[in-house]
Amino acid sequence: MAYDVFLVTVPEDFDLAKLVARRLRSLKFTVRFNQKQTEDDDFDAKDARDAGKSGNMLILWSENSVKNDWVRAAAAVGNSRDGMLVHAGIDKTIPYTPYRKAKRFPLEGFTSRKIPEGFYKLVEELAERTGRSDLRAWMKLGSKDDEAREAWLEAHPDDPLAIAERQKREKALGIKPEPAKEAAEAATKAATTLRNGNGDPVPRSSAGVSAAVARASASARAAATTVVEPDQDPVYGNWTIAAICAAIAAIFLFSLVVRSQPVERLSAEMPATGNARTVVAACPAGTVPRSMVEFMEPGPVDIGMGHGPIIDDTTPPESE
C-alpha cells in the first residue's frame with residue numbers, strides 16, 4: 001500500500017502523534033503510523049519498504065526523538081530522497097545536522113480542541129505536494145456549515161474528500177460503487193474463461209455454424225493434453241520403491257528356506273576300539289623302523305599271497 005505520509009516519532013510522543021495522524025486521516029491523507037513501535041525497535045526492512053512506498057516522511061522532532069536510533073535511521077532514509085522530508089517540532093528542541101536549518105512547523109499547544117497555526121501550514125505543505133488545495137478553508141468549516149461544505153465539494157470534485165463523500169451517499173442509497181479497473185478486468189477475464197473454457201475471446205460464428213458449436217470447437221482446439229511424466233508424479237516413484245523393497249524381502253526369505261546344507265567332514269582315520277585312540281609314532285631322524293629291518297633280514301619269510309619264502313638264488317659274477 002502506498003502512503004501519503006510516513007510518520008516518524010517515538011513512543012514517548014505517541015499522544016501527540018496519534019492526534020496528528022487522526023487529523024491528517026480526517027483530511028483523507030493515507031498515514032503510515034506504527035503504534036506498536038517500542039524504544040528498542042530497529043529500522044528494519046519492512047520500515048524501509050513502507051518508507052519507500054510513501055510520498056512524504058513527516059518527522060516529529062522532540063527532546064526524545066533526537067536521541068532515538070529508529071528516528072535517526074528513518075530520517076537518513078528520507079533524506080536520501082529529494083523533497084521527501086517534512087519537519088515538525090512539538091517542543092523547542094533543535095534537531096541535529098543536517099536537519100538543524102530545515103524548515104520546521106511548530107505544533108506546540110496542539111490539542112483535540114485547539115489547532116495551532118503550524119498545523120495549518122503543515123497541511124498546506126502536504127496538500128501542495130500531493131496536488132490538493134484549499135484544505136485550510138475546509139478545516140475552518142464548522143459542523144453547521146452545510147452549504148459551505150457542499151460548495152467546497154462541488155469546487156473540488158477530484159479531491160479525496162469529495163470522492164469519499166460521494167461514496168458515502170451512494171452507499172446510503174444502496175448504489176454499489178464501481179469496481180476498480182484491475183478488479184473489473186479480472187472479473188471480465190474470469191467470466192470469459194467460464195464461457196469459453198480457456199480465457200480466449202469467443203470466435204465469431206461462421207456461416208452455417210452456431211455460436212455454441214464455434215465455442216465448443218475453439219475449446220477443443222485450444223485444450224492441451226496433459227501428460228504426466230513418471231518422474232514428475234510422486235505416486236509412480238513411491239510404487240516403484242515399494243516394489244523393489246518387496247522383491248528384496250522375497251529374495252531374502254527364499255534364501256532362508258532353500259539354503260544348502262553344509263557337508264559333513266569325513267574322517268579317514270581308522271575306527272577307534274573302545275576308548276582307545278590312534279597314536280602315530282615317529283622314528284628319530286636317521287633311523288629305520290624295526291619292522292622294515294626285520295622284513296629285510298634274509299630267511300624264509302612268507303610274504304603271504306601263497307608265494308612261499310624268498311630264496312636268494314643269485315650267483316656272484318665271475319672274475320676275469
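Atom set for the values below is all heavy atoms of this structure, side chains included, hydrogens, waters and symmetry mates excluded.
- In the hydrophobic clustering of this structure, L153 does not group with I163; members are Ile, Leu, Val, Met, Phe, Trp, Tyr whose side-chain heavy atoms approach within less than 4.5 Å, directly or through other members.
- At distances below 3.5 Å, not a single donor-acceptor pair connects side-chain atoms of S62 with backbone N or O atoms of I90.
- Within the structure, ring pair (Phe, Tyr, Trp, His ring centres under 6.0 Å) contacts touching residues 122-145 (residues at least two apart or in different chains) are W138-W152.
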Show every donor-acceptor pair shorter than 3.5 Å between a side-chain atom in residues 110-119 and any protein atom, with sequence neighbours excluded, or say none if there are none.
{"from": "T111", "atom 1": "OG1", "to": "R113", "atom 2": "N", "distance (Å)": "3.4"}
{"from": "T111", "atom 1": "OG1", "to": "K114", "atom 2": "N", "distance (Å)": "3.0"}
{"from": "E117", "atom 1": "OE2", "to": "R136", "atom 2": "NH1", "distance (Å)": "3.4"}
{"from": "E117", "atom 1": "OE2", "to": "R136", "atom 2": "NH2", "distance (Å)": "2.7"}

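- Closest of all the heavy-atom pairs between L161 and S26 is CD2-O, 3.6 Å.
- Not counting sequence neighbours, the partners of E125 by the side-chain contact (heavy atoms from CB on, under 4.5 Å) test are F105, E128, R129.
- In this structure, the separation between CG on N64 and CZ on F14 is 11.5 Å, given to the nearest 0.5 Å.
- Listed by chain and residue number, R169 satisfy the salt bridge (Lys or Arg N to Asp or Glu O under 4.0 Å) test with E150 (two or more places apart in sequence, or in another chain).
- Summarising the geometry, atom OG1 belonging to T9 is positioned 7.5 Å from atom CD belonging to Q37; distances are rounded to the nearest 0.5 Å.
- Of all heavy-atom pairs spanning I94 and R100, the tightest one is CG2-CG, 3.7 Å.
- Nearest heavy-atom pair, A17 versus L7, reported as atom, atom and distance to 0.1 Å: O-CD2, 3.8 Å.
- Among residues two or more places apart in sequence or in another chain, the salt bridge (Lys or Arg N to Asp or Glu O under 4.0 Å) test is passed with R132 by D159.
- Every pair passing salt bridge (charged side-chain N to carboxylate O under 4.0 Å, His left out) that includes a residue from residues 15-37 is listed here, sequence neighbours excluded: R32-D47, R32-D50.
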What verdict does the side chain to side chain contact (heavy atoms under 4.5 Å, CB included) test give for H156 and D134, after you've listed the backbone C-alpha separation in whole Å, the side-chain angles of each residue and the deciding distance to 0.1 Å?
CA-CA 9 Å; H156 306 82; D134 298 335; 2.8 Å; yes
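- Contacts of K168 classified as side-chain hydrogen bond (donor to acceptor under 3.5 Å, both in side chains), with partners at least two apart in sequence or in another chain: none.
- Connectivity analysis of hydrophobic side chains (ILVMFWY, heavy atoms under 4.5 Å, direct or indirect) links I244 to I248.
- One distance of note links CD1 of I241 with CG of N238; it measures 6.0 Å at 0.5 Å rounding.
- Expressed to the nearest 0.5 Å, how far CG of N56 lies from CG of L24 amounts to 10.5 Å.
- Sequence neighbours left out, the pairs with a member in residues 69-98 that pass salt bridge (charged side-chain N to carboxylate O under 4.0 Å, His left out) are K92-E108.
- Hydrophobic side-chain contacts under 4.5 Å tie Y96 into a cluster, directly or through other members, with F6, V8, V10, F43, M57, I59, W61, V66, W70, V71, V77, M84, L85, Y99.
- There is a side-chain donor-acceptor pair under 3.5 Å between D41 and T38.
- Annotation: side-chain hydrogen bond (donor to acceptor under 3.5 Å, both in side chains) contacts of E12 (sequence neighbours excluded): none.
- Rounding to the nearest 0.5 Å places CD of E124 at 8.5 Å from CG of L135.
- Counting non-hydrogen atoms of other residues, nucleotides and ligands closer than 6.0 Å to NZ of K171 gives a total of 12 or fewer.
- The shortest side-chain heavy-atom distance between V86 and V5 does not fall under the 4.5 Å cut-off.
- Residues D13 and S65 share a closest heavy-atom pair of OD2-N, 4.4 Å.
- Residues meeting the side-chain contact (heavy atoms from CB on, under 4.5 Å) test with T30, sequence neighbours left out: M1, Y3, D4.
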